Participant: 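My questions all concern the structure below.
Values reported hereafter were calculated over all heavy atoms of this structure, with side chains retained and with hydrogens, waters and symmetry mates removed. Keep in mind that what you see is a predicted model, and the values were worked out from it rather than measured.
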Amino acid sequence: METPFDRIDFGILTALQEDGRLSNKELSARVGLAPSSCHARVRRLRAAGVLGACRTAVAPEALGIGLQAIVFVHLQNHDRSLVEGFRDHVLSLPEVVGLTHVGGRHDFLVHVAVRDARHLRDLALDALTSRPEVATVETSVVFEHLQGTLPILSAPR
């Protein structure tokens, strides 16, 4: 955004992060603005890329997902085209919930959701270790996954 956030912007961000389904009327009441002014601010925050898409959480079990894992991937080489090619490949896989490119011992952390252990093994063998840029793959089963939110660090005074 071109202008810094003010306390109203921080109020809008905090309220929508807590409940992205708030109506404009409810949101405007929470932050103390007229509905038209609140709507204009939300539009401005969306246009600036500060507010992204709203999503609904779906229970994994309802979709036949019985297992989640984090797959740690170390690449053979760190050439930009190989890194980006691997990233694009992984993001095309329907089992991938999230992808994090990191520094340190591993290059990527791949969060996957699969039916069962056999599905996880097949995914690792067919979609990951078969890639020429992959040096090693290490898998850890997720026992519990809790989704947090980004902190709204501070509002101007």
Side-chain angles (χ1 to χ4, degrees), residues 1-75 78 80-116 119-120 123-124 127-128 137-157:
M1 283 183 73
E2 295 132 19
T3 59
F5 299 131
D6 64 14
R7 68 173 185 76
I8 299 292
D9 292 325
F10 277 98
I12 290 170
L13 296 173
T14 300
L16 288 176
Q17 190 163 282
E18 289 171 2
D19 184 356
R21 296 180 302 169
L22 285 174
S23 70
N24 185 61
K25 183 177 177 182
E26 293 168 320
L27 181 60
S28 64
R30 280 200 191 179
V31 298
L33 274 183
S36 59
S37 297
C38 184
H39 184 64
R41 285 206 186 217
V42 169
R43 275 197 332 254
R44 184 173 49 91
L45 290 167
R46 285 194 195 288
V50 176
L51 284 174
C54 293
R55 293 181 171 82
T56 299
V58 178
E61 302 80 21
L63 301 175
I65 295 168
L67 181 68
Q68 293 185 53
I70 302 297
V71 182
F72 303 89
V73 179
H74 180 75
L75 300 181
H78 298 99
R80 180 178 298 276
S81 64
L82 292 177
V83 169
E84 290 174 356
F86 179 77
R87 181 199 63 212
D88 293 345
H89 167 71
V90 169
L91 289 174
S92 75
L93 301 171
E95 296 92 347
V96 172
V97 174
L99 176 68
T100 306
H101 184 195
V102 297
R105 181 174 164 209
H106 303 288
D107 297 308
F108 285 96
L109 308 179
V110 186
H111 181 179
V112 299
V114 294
R115 289 183 299 280
D116 52 29
H119 186 182
L120 177 60
L123 178 68
L128 299 175
V137 169
E138 185 180 321
T139 304
S140 292
V141 172
V142 172
F143 292 123
E144 182 177 36
H145 175 70
L146 304 172
Q147 186 69 38
T149 58
L150 291 174
I152 306 295
L153 296 177
S154 63
R157 296 179 202 272

Participant: Rounded to the nearest 0.5 Å, how far does NE2 of H101 lie from CG of L109?
Facilitator: 10.0 Å
Participant: Could you report the tightest heavy-atom contact between V31 and G11, atom names first, then the distance?
Facilitator: CG1-C, 3.6 Å
Participant: Between H74 (side chain) and R105 (backbone), is there a donor-acceptor pair under 3.5 Å?
Facilitator: yes
Participant: Report the distance from atom CD of Q68 to atom CD of E144, rounding to the nearest 0.5 Å.
Facilitator: 10.5 Å
Participant: Specify whether H106 and F72 have parallel, tilted or perpendicular ring planes, treating 30° as the upper limit for parallel and 60° as the lower limit for perpendicular.
Facilitator: tilted
Participant: Looking only at non-hydrogen atoms, find the nearest pair between F108 and V102 and report the distance.
Facilitator: N-CG2, 4.3 Å
Participant: Flag the pair T139 / V71 as yes when at least one side-chain heavy-atom distance between them is below 4.5 Å, and no otherwise.
Facilitator: yes
Participant: Could you tell me whether the side chain of R41 reaches within less than 4.5 Å of the side chain of D6, counting heavy atoms only?
Facilitator: yes
Participant: Only one of L91, V73, V112 forms a side chain to side chain contact (heavy atoms under 4.5 Å, CB included) with L99, so which one is it?
Facilitator: L91
Participant: List the atom of V96, the atom of V90, and the distance in Å for their closest heavy-atom pair.
Facilitator: CG2-O, 3.2 Å
Participant: Atom CZ in R87, atom CG in L75: separation rounded to 0.5 Å?
Facilitator: 12.0 Å
Participant: Check whether any side-chain heavy atom of F86 lies under 4.5 Å from a side-chain heavy atom of D107, and answer yes or no.
Facilitator: no
Participant: Which atom names give the shortest non-hydrogen contact between C38 and S28, and what distance separates them?
Facilitator: CB-CB, 3.6 Å
Participant: Check for a donor-acceptor pair, side chain of H89 on one end and backbone N or O of A127 on the other, with a separation under 3.5 Å.
Facilitator: yes
Participant: For the residue pair R46 and G52, what are the closest heavy atoms and their distance?
Facilitator: NH1-O, 3.0 Å
Participant: Hey, could you give me the CG/CD1 distance between L33 and I8, rounded to the nearest 0.5 Å?
Facilitator: 4.5 Å
Participant: Has the side chain of D88 got a donor or acceptor atom that lies under 3.5 Å from a matching backbone atom of G85?
Facilitator: no
Participant: Considering only heavy atoms from C-beta outward, does the side chain of R44 approach that of D9 to under 4.5 Å?
Facilitator: yes
Participant: Looking at R115, I'd like to know if its CZ atom is crowded, meaning that more than 12 non-hydrogen atoms belonging to other residues, nucleotides or ligands lie closer than 6.0 Å.
Facilitator: no
Participant: Where is the tightest heavy-atom contact between A15 and L27, given as atom of each residue plus distance?
Facilitator: CB-CD1, 3.6 Å
